[in-house]
Amino acid sequence: MTLLEARAMGASLARMDGAAKIMGTAPYAFEHRLQRPTYLHPVQSTIARGRVRKIDTRAAESLEGIVGVITHETAPRLASDKDKELWVLQSGEVHFRGQFVAAVIAETPESARHAAALVRVEYEAAQHDASLRAGRKDLYAPKTVNAGYPTDTDAGDAEAAFEAAEVKVDATYTTPMEHNNPMEPHTTVALWEPPKLTLYDSTQSVHSVRNTVAKTLGLDAEQVRVISPYVGGGFGSKGEPHAHNILAALAAMRVPGRPVKLALTRQQMFCLAGYRTPTIQRFRLGAARDGRLTSIIHDVVELTSRFKEFAEQTAVPTRLMYASANRRTRHRLAALDVPKPSWMRAPGETPGMFAGEVAMDELAVACGLDPIELRVRNEPERDPESDKPWGNRHLVECLREGARRFGWSQRDPRPRQRAEGIWLVGMGVASSTYPRYILPGSRATIRLGEDGSYLVRVGAADLGTGTWTTLTQVAADALGCPMDAVRLEIGDTDLPNATVAGGSSGISSWGCAIVAAARELRRLHGPKPSPGAEASADTPKDADDKTFAQHSFGAQFAEVRVNIETGEVRLSRMLGVFSAGRIINPRLARSQLIGGMTMGLSMALHEDSVLDERFGHVINHDFAGYHIAANADVANLNAVWLDEVDERSNPMGSRGIGEIGIVGAAAAVANAVYHATGKRIRDLPITLDKLLT
Ligand code: MOS
């Protein structure tokens with residue numbers, strides 16, 4: 001693979017779409033100007049399991065301004081029930097509380113909402129079960145876990161090695177259900193102009209929305225166009241289509257020629273847009289007295305919805321973090337009558353590395369070792385799982401650089417040694433990791449225009465992360481031209497196919513296609529192409545080099561202050577040091593990494609979706625009850641990175657940074673809380689009640 005020469009890449013540019021966003025001229029899904037729109041408001045089930053016996057829509061329909069009400073009895077029929085989440089209004093069956101059971105189309109959003117409240121639904125409720133416990137008898141092993149990883153792995157005899165170990169940690173860690181909560185709600189505006197369906201959608205992948213919606217509705221993919229130039233965050237919850245996409249499309253078919261606008265409310269998002277499964281993780285570490293690991297055992301229990309399986313890969317990072325001859329990982333699921341869990345920023349790594357990195361901190365205490373030194377001693381020379389050489393593993397450098405910058409040497413190794421007035425002060429560290437993914441299947445087209453500028457087209461997504469800017473940087477370097485000679489087009493299925501902005505794979509996957517298209521342009525038209533010259537290329541089949549184990553690494557450092565009297569935890573400083581290959585745009589990268597760290601400290605201290613098992617319902621389903629770290633919670637945060645170019649990763653030398661910032665952050669905070677107080681909190685979030693008891 002030839003590495004691109006970096007001219008535009010590496011420049012700290014402000015985002016190109018910034019001005020348009022500030023001035024309100026960058027249209028989000030709900031804001032496209034369309035003629036004679038109608039508004040859709042769903043009716044949601046109030047039981048967690050059972051069936052709809054009867055729906056009375058007369059009161060709703062008699063209101064002025066109501067265009068129509070659709071129920072499972074009246075909605076257009078869908079073609080494929082392969083995905084039960086998308087089998088919307090096709091039967092009276094209820095799988096979870098909050099499921100769509102009807103929807104009102106009206107001339108205004110207010111009348112739609114009012115009428116939805118007047119729809120009377122009678123249910124035949126069945127006994128539901130929404131209780132996640134590690135001791136359940138019906139836990140099962142899924143075939144694989146998310147991203148196709150094996151459910152279980154074994155090396156050596158981990159149990160026996162653990163029993164025989166000189167030093168042991170055996171602890172159970174829990175993380176709660178958490179919700180992605182992007183700023184922009186899940187929104188679809190659907191327009192049915194037979195035989196064409198247009199969706200203005202807020203999504204991480206226009207092409208996967210198109211393909212899935214087409215299949216579900218029984219349309220050809222060519223009949224469906226999805227437009228999504230700007231997205232207000234997703235964090236995984238917009239990585240695949242959800243029921244609202246189908247609901248909007250079904251409603252649109254009732255009013256051909258008129259757009260149907262649907263934006264989920266914040267409360268509706270808590271049961272209709274995915275979430276992070278709660279986890280119960282038993283972690284066992286066995287080590288020699290010098291800290292060298294002899295056994296690593298990670299047993300995970302988590303939930304899935306009964307109607308459709310999602311198995312988070314929580315123990316997967318444990319397979320590669322540290323060296324040990326004996327290792328074992330397990331994932332077990334409870335199938336419950338709850339909405340379907342899904343992707344949330346670094347699914348797997350985020351909860352898994354919380355447990356693993358707190359367990360390592362506990363082992364450091366048990367061995368009387370500095371937690372950084374413990375990690376250094378257990379650095380594996382090759383990937384323990386695949387036995388492949390590392391593409392670019394610089395965890396130790398991240399830990400050492402972070403220690404230097406953070407003032408780690410000033411830390412008293414003993415807990416509860418430092419107080420400032422009524423505040424106990426402590427410092428914690430944790431490792432971070434995330435895989436380097438390149439997805440196959442993106443395509444880029446480049447055309448030289450009459451004005452000498454290159455039109456670069458790929459159906460990529462910008463979730464607010466900066467794709468508009470960074471892909472332009474990549475394209476400029478691929479073409480050897482200045483940034484302002486590139487005109488990028490993304491966010492539309494009329495553009496060449498693009499894979500999802502997920503798994504931190506976007507720039508790698510789309511960038512490979514752009515670089516290949518630029519090479520193809522030169523191959524076909526020489527080094528100085530004339531206007532009209534055009535070329536296309538796919539992400540090369542061999543772009544994902546499997547010779548090496550390719551992962552990013554990082555080190556998270558946190559300093560917290562814990563109020564002796566109230567147990568309140570305040571984060572005072574946090575530093576992340578990352579090794580993620582070339583940083584294409586430092587300004588935007590810093591923002592991404594700090595964003596991830598903020599989400600991680602929010603996980604450590606605040607976020608907690610409280611499921612009332614009696615109803616199968618998240619009771620704190622709004623921003624009054626579900627606290628996400630706000631400005632006052634985010635103190636002195638900094639993210640830096642090793643200066644590196646990863647020539648094994650992709651032609652840009654980059655590896656992707658969307659997710660690694662969150663990984664390990666919660667563990668660093670929890671370890672700092674232990675260091676401040678001497679209290680080990682193993683259950684997130686670390687709220688003051690846990691520190692007072
Ligand atoms: Mo991310 S959770 O892979 O969209």
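Counting starts at 1 for both ligands and their atoms, following the listed order.
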Practice item. Apply the side chain to side chain donor-acceptor pair (under 3.5 Å) test between R436 and each candidate in S504, S505, S508, S649; give the one that qualifies. Key: S649
Practice item. Please say whether G503 places an N or O atom under 3.5 Å from an N or O atom belonging to ligand 1. Key: yes
Practice item. Could you find the nearest protein heavy atom to atom 2 (S) of ligand 1 and give me its residue, atom name and distance? Key: R345 N, 3.3 Å
**Study point:** Presence of salt bridge, E178 and R276, under 4.0 angstrom
**Key:** yes
**Study point:** Check: T318/H298 side-chain N/O donor and acceptor closer than 3.5 Å
**Key:** yes
Practice item. Could you label the plane-to-plane angle of the F270 and H621 rings as parallel, tilted or perpendicular, counting under 30° as parallel and over 60° as perpendicular? Key: perpendicular
Practice item. Flag E659 as yes when one of its N or O atoms lies below 3.5 Å from any N or O atom of ligand 1, and as no otherwise. Key: yes
Check your understanding: Do any N/O atoms on P347 end up under 3.5 angstrom from N/O atoms on ligand 1?
Key -> no
Review point. Taking only heavy atoms of Q204, which atoms of ligand 1 are found under 4.0 Å from at least one of them?
Key: 4 (O)
Study note, to complete from the structure: Honestly, for S504 the part within reach of ligand 1 (heavy atoms, under 4.0 Å) is neither
Check your understanding: Would you say the side chain of F553 lies within less than 4.5 Å of the side chain of W390, judging by non-hydrogen atoms?
Key -> yes
